[in-house]
Amino acid sequence: MAILIHENGIVEKVTPKSGKDFTVEELQSLVKGNFEVGKRFQKDENSEEFFVICNEDGLALAMPYNALGSEMALKVLVGPVVICNGVEFH
């Protein structure tokens, strides 16, 4: 399971259609266009890594600021943001 964080702060659970991995098309649909991936690790060495996926053209498209997504990724993000673990994204 992954989460989709909308620009307005609404969070919803999303799962790959295959039940295993997201396809490129699924991720493009979730972030409304081409995407870029950033990896972030928890400070705790026992924590699982996860990926932050957002629209790579979000700034050029003037997508709205995503406060919650930015807070979780520790960087400024715009548009919808998907956060998933390494199992769902290869």
Side-chain angles (χ1 to χ4, degrees):
M1 178 199 69
I3 60 170
L4 172 63
I5 305 171
H6 296 276
E7 302 95 313
N8 61 5
I10 293 175
V11 177
E12 65 179 287
K13 295 177 185 177
V14 291
T15 56
K17 289 182 182 175
S18 71
K20 185 178 177 190
D21 297 325
F22 286 103
T23 65
V24 169
E25 294 79 14
E26 286 176 301
L27 291 172
Q28 288 174 326
S29 176
L30 291 169
V31 300
K32 301 178 184 173
N34 293 329
F35 61 89
E36 63 179 297
V37 180
K39 190 171 17 174
R40 176 179 172 222
F41 294 87
Q42 293 285 346
K43 292 181 181 180
D44 180 343
E45 64 187 43
N46 297 320
S47 295
E48 185 176 353
E49 71 178 337
F50 62 90
F51 295 89
V52 177
I53 302 164
C54 63
N55 188 305
E56 72 178 356
D57 301 313
L59 288 174
L61 295 171
M63 290 183 142
Y65 175 67
N66 190 319
L68 181 56
S70 296
E71 182 180 330
M72 292 184 75
L74 301 177
K75 68 184 273 185
V76 174
L77 298 174
V78 298
V81 174
V82 174
I83 298 181
C84 63
N85 63 31
V87 174
E88 296 165 320
F89 181 77
H90 295 259

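Residue indices begin at 1 and follow the sequence shown. Since we're looking at a predicted model, the values are computed, not measured.
Counting Ile, Leu, Val, Met, Phe, Trp and Tyr side chains that sit under 4.5 Å apart, directly or through other members, L61 shares a hydrophobic cluster with L59, M63, V78. Hydrophobic cluster membership of V76, counting Ile, Leu, Val, Met, Phe, Trp and Tyr whose side-chain heavy atoms lie under 4.5 Å apart directly or via other members: Y65.
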Applying side chain to side chain contact (heavy atoms under 4.5 Å, CB included) to F22 and L30, what does each step give before you reach the verdict? CA-CA 10 Å; F22 286 103; L30 291 169; 4.0 Å; yes
Exercise answer: donor-acceptor pairs, residues 1-10 side-chain atoms, under 3.5 Å, sequence neighbours excluded:
unit_1	atom_1	unit_2	atom_2	d
H6	NE2	E12	OE2	2.6
N8	OD1	I10	N	3.1

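The side chain to side chain donor-acceptor pair (under 3.5 Å) analysis of residues 24-33, with sequence neighbours excluded, yields the pairs T23-E26, Q28-N34.
When the side chain to side chain donor-acceptor pair (under 3.5 Å) test is applied to D57, no partner is found at least two apart in sequence or on another chain. Looking at residues two or more places apart in sequence or on another chain, you find no side chain to side chain donor-acceptor pair (under 3.5 Å) involving E56.
Within the 3.5 Å criterion, the main-chain N or O of P80 finds no donor-acceptor partner in the side chain of N66.
In this structure, V82 and F51 have side chains that are not in contact, with every pair of non-hydrogen atoms separated by 4.5 Å or more.
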